[in-house]
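Report on one structure; see the data block that follows.
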Amino acid sequence: MGLKDTDKFATKAIHAGAHIDIHGSVIEPISLSTTFKQSSPAAPLGEYEYSRSQNPNRKNLEDAIASLENGKYGLAFSSGSATTAVILQSLPQGSHAVSIGDVYGGTHRYFTKVANAHGVETSFTNDLIKDLPNLVKDNTKLVWIESPTNPTLKVTDIALVVDIVKKINKEILVVVDNTFLSPYLSNPLNFGVDIVVHSATKYINGHSDVVLGVLATNDKAIYERLQFLQNAIGAIPSPFDSWLTHRGLKTLHLRVRQAALSATKIAEFLAQDDRVIAVNYPGLDSHPNRDVVKKQHRDGLGGGMISFRIKGGADAAAKFTTSTRLFTLAESLGGIESLLEVPAVMTHGGIPKEQREASGVFDDLIRLSIGIEDSDDLLDDVKKALAASSQ
Ligand SMILES: *Cc1c(COP(=O)(O)O)cnc(C)c1O
C-alpha cells in the first residue's frame, strides 16, 4: 500500500501498516507463531525470527502508530505503563527528570517509587514554562509533559516547552503523553518533541478491551535504543492485542470527532447551569489555555474528557454518578461507551487531600469520558442526573 505524504489522517488510519498478505487477505491474519523458519543458520526467510523481538501484527500496529503521529518509527508495549517504564529505564544511572505535576498516577508512581531505584530523581511542577529554567540541572536528561492533564484538563504549550528546554540543552529529551487527545487531535512530534507516548488502552484501541501502550519518534538513535530495551525487557503486546488495537485505530478519527462534538455540547450545558461550580473543558472559550488549544489541537477541538465541580460536595458527586442511565461508573476513558467517576475517591484517591486540592481535584469533582452514543441522549442523561443529585 503506497501511502503518500499528502494523505490525510483518515486515509492513513485505514491503510498505514495494513498490508495485503500472500493470500490476498484484505485484513492481515493474526500471526500466533512464536518462531519463524530460517533458510540457513542466522538467515531468516523473511523479516521475523522470534516473536518477542518482532511479530507481524505488532509491526503493522507500530507502522500505523508512526504514521498517525507523523513519526518515522513506532513501538508497541504491553501497556502504557510499560512504555513509560522502558523510556525511563533508558536514562543513565543518576539522571534527573522534570515532570508536570498533574501527571498520570502510574507515571508519578514510576518516577517516585521505581525509577529512583536506579538513581533517577524527578522534580515536579504544575507550571513547566515558568519553572523549567530553575529546575533543569546539569544531569537533567528528560522533561515529561502530559497535556491536557488528568482530571483538570490543563493544557501546556508544547512548542514553548520544547523551545525553553532545547535552548538550555538540546540533548534533554522532551516526552509528551498524548493519551487524552489521541493522534487525531494533536501530534506533539510536529512541535519538536522527541518522543510521544500513549496508553493505547484509551482512545487508540477505543473499545475498552485491550491494555496496550505505544510510542513514536523521528530520531533513529532513540528508536534503536528503545527497540533494544523493548526486546531485552520483553514487555511486548500479544499478536491478538496488537491486531485488535490496529483494528480499533482505523476508526479513531470518527470516534474522537464524535466524542468531542458531544463533549462540547455537554460542557456548554454544564457551564451555564447554576448547580455546577466550574467546568474544565479545553473546547470552551472560557478555558484558561484556550489560545494554546487553538494552535495545538485539530480544529481547536477539546477532546472527549470533561471534569466539573457539582454543588453539594461529595454527596452530590456520589448521587450524580449513580443517577445516570447511559454513563457507567468506572475508571478509565477513551472507549466507545461513556464513563464517569469521582477522581478524589477513585483514580486520584491515593493522593493526599491537600496536594490533590492544590491541583483542583476537590471531593465534588466529577470526570466524564464521553463515548460515541447519540449526543442528545448523552446530554439528556447528564441533565437528569444533575436534577436527581440536586434534590
Ligand atoms: C491509562 C493511562 C496511562 C497508563 O496506561 P496503561 O495502559 O493503563 O498502563 C498513562 N497515561 C495516561 C494519561 C493514562 O490515561
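We number each residue from 1, following the sequence as shown. For ligands, and for the atoms within them, numbers begin at 1 and follow the listed sequence.
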Review point. How far apart are the C-alpha atoms of Tyr223 and Phe228, what are their side-chain angles, what is the distance that settles it, and do they pass the ring-ring contact (aromatic ring centres under 6.0 Å, His included) test?
Key: CA-CA 8 Å; Tyr223 168 68; Phe228 171 83; over 10 Å; no

Check your understanding: Under the 3.5 angstrom rule, does the side chain of Arg255 hit a backbone N or O of Ile204 as a donor-acceptor pair?
Key -> yes

Practice item. Would you check if the distance from the ring center of Tyr110 to the ring center of Tyr104 is below 6.0 Å? Key: no

Exercise for review: Begin from the C-alpha positions of Ile310 and Leu386 and carry the test side-chain contact (heavy atoms from CB on, under 4.5 Å) through to its verdict.
Suggested key: CA-CA 9 Å; Ile310 191 169; Leu386 200 53; 3.8 Å; yes

Output, or 'none' if empty, a list of ligand 1-protein atom pairs in which both atoms are N or O and the distance is under 3.5 Å, rounded to 0.1 Å.
residue  : atom   : partner : partner atom : Å
ligand 1 : 5 (O)  : Ser199  : OG           : 3.0
ligand 1 : 7 (O)  : Gly80   : N            : 2.9
ligand 1 : 7 (O)  : Ser199  : OG           : 2.8
ligand 1 : 7 (O)  : Thr201  : OG1          : 2.7
ligand 1 : 9 (O)  : Gly80   : N            : 3.2
ligand 1 : 9 (O)  : Ser81   : N            : 2.8
ligand 1 : 9 (O)  : Ser81   : OG           : 2.7
ligand 1 : 11 (N) : Asp177  : OD2          : 2.7
ligand 1 : 15 (O) : Lys202  : NZ           : 2.7

Review point. Any side-chain heavy-atom pair from Leu339 and Leu333 closer than 4.5 angstrom?
Key: no

**Study point:** Residues which pass salt bridge (charged side-chain N to carboxylate O under 4.0 Å, His left out) with Asp380, listed by chain and number, not counting sequence neighbours
**Key:** Lys384

